[in-house]
Amino acid sequence: MKITVVCVGKIKERFFADALKEYEKRLSRYCKLSIVELQDEKTPDGASAALEEQIRKKEGERILKVLPDGAYIIALAIQGKQLSSEELAETMGRLGVNGTSHIVFIIGGSLGLSEEVLLRAEYLLSFSKMTFPHQLMRVVLLEQVYRAYRINSGEPYHK
């Protein structure tokens, strides 16, 4: 299976970059992983709702341009469905059994995802009702994808 993570913004902190490299290495035995980083828009302090919407749209256009045809698109969104690790593993396993060979996870920028991106996704996934920095969310996502592969392979994982 091929897993692509499309994300807005670059990783700036070394500790996040190190964690990502570790999970990329661990995942290499289960899937072909690629990460597509897209430029984020600068949001001025005190930005109006209209400006924030415009920023989401610009970032959304960049996201939509890189989504491959035929891939199953999962957008990380606070209004999405919350799953346990086992349920995520089951979902990913079921997709593979049903012939899906490419899953794309989308992580938006600091303002979230545009309506167009949310509508393009086949599935909206929420990790919590809380808001997380998108750099941290990338690490959490890769850890959960790794955990899903371990679960589906019948290998031990920490509960």
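The first residue in the sequence is number 1, and the count goes up from there.
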**OP:** Give me the ring orientation class for Tyr123 and Tyr72: parallel if the planes are under 30° apart, tilted from 30 to 60°, perpendicular past 60°.
**Re:** tilted
Original post:
How about Gln144 and Leu83: do any of their side-chain heavy atoms sit closer than 4.5 Å?
Top reply: no
Subject >> Over all atoms of both residues, closest heavy-atom pair of Ala19 and Val139 >> reply: CB-CG1, 3.9 Å
Subject >> Min side-chain heavy-atom separation Ser101-Lys2 under 4.5 Å >> reply: no
**OP:** Give a yes or no on whether Val36 and Ile3 share a hydrophobic cluster (residues Ile, Leu, Val, Met, Phe, Trp, Tyr; joining criterion: side-chain heavy atoms under 4.5 Å apart).
**Re:** no
Subject >> Working for salt bridge (charged side-chain N to carboxylate O under 4.0 Å, His left out), residues Lys25 and Glu22 >> reply: CA-CA 5 Å; Lys25 184 176 82 176; Glu22 177 63 26; 3.6 Å; yes
Original post:
Do Glu143 and Arg147 meet the salt-bridge criterion of a basic N to acidic O distance under 4.0 Å?
Top reply: yes
Original post:
What are the two closest heavy atoms between Met1 and Thr100, and how far apart are they?
Top reply: CE-O, 3.3 Å
Original post:
If you round to the nearest 0.5 Å, how far is SG of Cys7 from CG of Leu20?
Top reply: 8.5 Å
**OP:** Could you give me the CA-CA distance, side-chain angles and deciding distance for Phe127 and Leu141, then say whether side chain to side chain contact (heavy atoms under 4.5 Å, CB included) is met?
**Re:** CA-CA 9 Å; Phe127 278 80; Leu141 173 64; 3.9 Å; yes
Hey, can you pull the donor-acceptor pairs under 3.5 Å for the side chains in residues 130-137, sequence neighbours left out?
from   : atom 1 : to   : atom 2 : distance (Å)
His134 : NE2    : Val8 : O      : 3.4

Original post:
Does any non-hydrogen side-chain atom of Asp40 lie less than 4.5 Å from one of Ser110?
Top reply: no
Original post:
Is Arg62 salt-bridged to Glu41, going by a charged N under 4.0 Å from an acidic O?
Top reply: yes
**OP:** Indicate if Tyr146 and Val140 have the same hydrophobic cluster label, given that clusters are the connected sets of ILVMFWY residues with side-chain heavy-atom separations under 4.5 angstrom.
**Re:** yes
Original post:
Closest heavy-atom contact between Ile78 and Ser128?
Top reply: CG1-O, 3.6 Å
Original post:
Are the side chains of Pro44 and Leu51 in touch, meaning some heavy atoms are under 4.5 Å apart?
Top reply: yes
**OP:** Could you tell me which non-hydrogen atom of Arg120 sits nearest to which non-hydrogen atom of Pro68, and how far apart they are?
**Re:** NH2-O, 4.0 Å
Subject >> Nearest heavy atoms of Val104 and Ala71, plus distance in Å >> reply: CG2-CB, 3.7 Å
Subject >> Audit row: Lys65, Glu61, salt bridge (charged side-chain N to carboxylate O under 4.0 Å, His left out) steps and yes/no >> reply: CA-CA 6 Å; Lys65 282 182 187 172; Glu61 288 168 4; 5.9 Å; no
**OP:** Could you walk me through whether Glu90 and Leu88 pass the side chain to side chain contact (heavy atoms under 4.5 Å, CB included) test, one step at a time?
**Re:** CA-CA 5 Å; Glu90 181 183 321; Leu88 178 61; over 6 Å; no
Subject >> Point-to-point distance, once rounded to the nearest 0.5 Å, from CG of Leu111 to CD of Glu52 >> reply: 5.0 Å
**OP:** Nearest 0.5 Å please: distance from the CD atom of Glu87 over to the CD1 atom of Ile151.
**Re:** 10.5 Å
Subject >> Euclidean distance, Leu38 CG relative to Ile107 CD1, rounded to 0.5 Å >> reply: 11.5 Å
Original post:
Can you tell me how far CG of Leu67 sits from OG1 of Thr4, rounded to the nearest 0.5 angstrom?
Top reply: 9.5 Å
Subject >> Minimum heavy-atom distance between Glu59 and Gly112, given as atom pair plus value >> reply: OE1-O, 4.4 Å
**OP:** Answer with yes or no whether the hydrophobic clustering places Leu95 together with Leu142; edges join I, L, V, M, F, W, Y residues whose side-chain heavy atoms lie under 4.5 Å apart.
**Re:** yes
Subject >> Carboxylate-amine/guanidinium proximity below 4.0 Å for Glu53 and Arg56 >> reply: yes
Subject >> Where at least one partner belongs to residues 5-14, residue pairs that pass side-chain hydrogen bond (donor to acceptor under 3.5 Å, both in side chains), sequence neighbours excluded >> reply: none
**OP:** Any chance you could measure Gln82, atom CD, to Lys129, atom NZ, to the nearest 0.5 Å?
**Re:** 6.5 Å
Original post:
side chain to side chain contact (heavy atoms under 4.5 Å, CB included) between Tyr149 and Glu155: does it pass, once the steps are laid out?
Top reply: CA-CA 9 Å; Tyr149 276 109; Glu155 297 170 8; over 6 Å; no
**OP:** Find out whether Val145 and Met92 are in side-chain contact, i.e. whether some heavy atom of one side chain is under 4.5 Å from a heavy atom of the other.
**Re:** yes
Subject >> Donor on one side chain, acceptor on other, Gln79 and Ser126, under 3.5 Å >> reply: no
**OP:** Taking the side chain as every heavy atom from C-beta outward, state whether Ile106 and Leu113 have any pair of such atoms under 4.5 Å apart.
**Re:** yes
